[in-house]
Amino acid sequence: MHDTLFLFGATGDLAQRYLFPSLLRLLGDGLLPEDFRVRALALSPHDTEKFHGILRPRLEQAMPQASQDDINNLLSRIDYRSVDLRNPESVADAVKDLVHRRCLSNLAIPPGLYISTCEGLALGGALATPHRLMLEKPIGSDSASAEEILQSIAKLIDEDRVFRIDHYLGKAAVQNLMALRFGNTLLEAVWNRNYIESVHILVAESDGVDGRDSYYSRAGAMRDMVQSHILQLLCLVAMEPPASLEADRIRDEKVKVLRALRPLDAKHASTDSVRGRYTAGTINDQPVQAYQPPEGSEAETFVGVTAHIDNWRWEGVPFHLVTGKRLPERTTRIEVNLKPVTHWVFERPDRHNAQPNRLTFQLQPQENIQLGLMSSLAGPEWGALELQPLELELSVPTGLHRRIAYERLFLDALNGNHALFVRDDEVRAAWAWIDSVSNAWKDANLPMEPYTAGSWGPLQAPDFLPEHIVSAAGNAK
């Protein structure tokens, strides 16, 4: 297990809100080496004492249950260096005194700084064997920029020592998708085009762009959420069973899904996709302002796109992918809609009003599995069989000890387990499809549709959202 962490971007929100608290919890649980050390690196001209003074209240806020002894234990292992990430020599000077240890470099920084930072790490000896590298998403902003980053880093460090993070893969509920799919005959037997009508993947956020204007004005919802999180969920739903749980066998199957995605073209852009931007509205009875990106920005805050996977298993099955900010609630869910019963024998309801089975995996804000069936339990026992929808719910007990995603990812990277990280060919395949959508929008001159904050998106959104959400939204009006 590696014993030294170089944490770049140490003063940023990601590091302060998630990364350092994850290390605090891992250390408190005795899961890190006894001589574990962290070098925090950022541009701010702090010394170690001042950095500790900044970090301590953030740890107390993020982990109120942590004791002062545990916080002091972590802080005693952290020293701070100011570094100019655009200057490889500055990076090299900041790390070279620790490269005699087994080092993991975590780059919680904008992708535009990856190449110069990695050049500095290589210059300082921190990318030589056995040292490792962790990269936050996104890797670039399109295929061309991603390729530049991938090729530049490949010259400095071997692929088997690179760990590209999509933190969704570290969530226990996301990992459970594979367990449910491949560990249960009931699901795997019907997991194909013969029985499945459609799939919805929804990542909804009630929060706005607040605090991320600089990044979001360049990325938008497509590059921020669809390119990474949603496509990873799509892969786990649609992949073939891997030969084993070895990291590369899993990633081989994910790449096959991404390469089978049908590119979007201008002809189908308006029917198979919608993009929007929220205007002023109300969330939880509180007024919120419209998103106003810098002039010239094409950043969308809502995306709906129907993806098609051109292989035997999924031919003809639409995958409706939706994400948006300032939606009515925060939820991440996958809904698998099965085809109607072939021969319907009941009078009430008639076959046109019968509700097909639906399997729902809710990943956040809480983990939940629901199976929608038709049952006669609600019908009168002295009359003809009358079927009503019945939801079977398998809630995850709230008392379970769940690690946040970065805890699992840190442990896997320190131990060299690649299964929950993204391989270079996954990055290339994902960007190739995302670029096809962006180019189709441009060629079709697809308009940016407005939607009121607190609604479920633009007027076209119901074409992509799960039916019951559309119905509920209509009933609420």
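Side chains are part of it too, since the values below use all heavy atoms of this structure and drop only hydrogens, waters and symmetry mates.
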Aromatic contact, Tyr278 with Phe302 (centres under 6.0 Å): no
Just checking Gln292: does its CD atom have more than 12 heavy atoms from other residues, nucleotides or ligands closer to it than 6.0 angstrom? no
What's the spacing between Ser90 OG and Leu85 CG if we round to 0.5 Å? 7.5 Å
Contact between Ile230 and Thr323 at the side-chain level, heavy atoms closer than 4.5 Å - yes or no? yes
Is there a side-chain contact between Cys235 and Leu258 (heavy atoms, below 4.5 Å)? yes
I'd like to know if the side chain of His308 and the backbone of Arg262 have a donor-acceptor N/O pair within less than 3.5 Å. no
Do Glu407 and Ser22 get their side chains close enough for a donor-acceptor pair, meaning under 3.5 Å? no
Arg423 and its salt bridge (Lys or Arg N to Asp or Glu O under 4.0 Å) partner, picked from Asp160, Asp166, Asp252: Asp252
Are any non-hydrogen side-chain atoms of Phe36 and Leu414 less than 4.5 angstrom apart? yes
Walk me through it: do Gln364 and Thr332 pass the test side chain to side chain donor-acceptor pair (under 3.5 Å)? CA-CA 5 Å; Gln364 62 181 20; Thr332 298; 2.9 Å; yes
Pairing donors with acceptors under 3.5 angstrom, does anything connect the side chains of Glu367 and Gln362? no
Counting C-beta onward and ignoring hydrogens, is there a side-chain heavy-atom pair between Trp191 and Leu359 closer than 4.5 Å? yes
Tell me yes or no: between the side chains of Lys254 and Gln232, is some donor less than 3.5 Å from an acceptor? yes
State whether the number of non-hydrogen atoms from other residues, nucleotides or ligands found under 6.0 Å of Gln68 atom CD is greater than 12. yes
When you check the side-chain N and O atoms of Thr301 and Tyr216, is any donor under 3.5 Å from an acceptor? no
Tell me if the aromatic rings of His167 and His229 count as close, with their centers under 6.0 Å from one another. yes
Is it the case that the side chain of Ser44 and the backbone of His46 share a donor-acceptor pair, with hydrogens and angles ignored and the cut-off at 3.5 Å? no
State whether the side chain of Asn415 and the backbone N or O of Leu411 hold a donor-acceptor pair below 3.5 Å, judged by distance alone. yes
Pairing donors with acceptors under 3.5 angstrom, does anything connect the side chains of Asn72 and Arg56? yes
Pair Asp435, Ser143: side-chain N/O donor-acceptor within cut-off below 3.5 Å: yes
Is the closest side-chain donor-acceptor distance between Asp142 and Ser145 under 3.5 Å? yes
Heavy-atom check, side chain of Arg223 versus side chain of Arg218, under 4.5 Å: no
Decide whether His418 and Asp248 meet the rule of one side-chain donor and one side-chain acceptor closer than 3.5 Å. no
Quiz question: by atom type and distance under 3.5 Å, do the side chains of Arg408 and Gln175 form a donor-acceptor pair? yes
Run the ring-centre check on Tyr451 versus Trp456 and record whether the distance is less than 6.0 Å. no
I need the Tyr114 OH to Leu121 CG distance, nearest 0.5 Å. 12.5 Å
Does any part of the side chain of Asn192, heavy atoms only, come nearer than 4.5 Å to the side chain of Ile196, both counted from C-beta? no
Mind running side-chain contact (heavy atoms from CB on, under 4.5 Å) on Arg39 and Leu7 for me, showing each step along the way? CA-CA 6 Å; Arg39 174 152 294 167; Leu7 205 164; over 6 Å; no
Using only heavy-atom distances, determine whether the side chains of Thr11 and Tyr80 contain a donor-acceptor pair under 3.5 Å. no
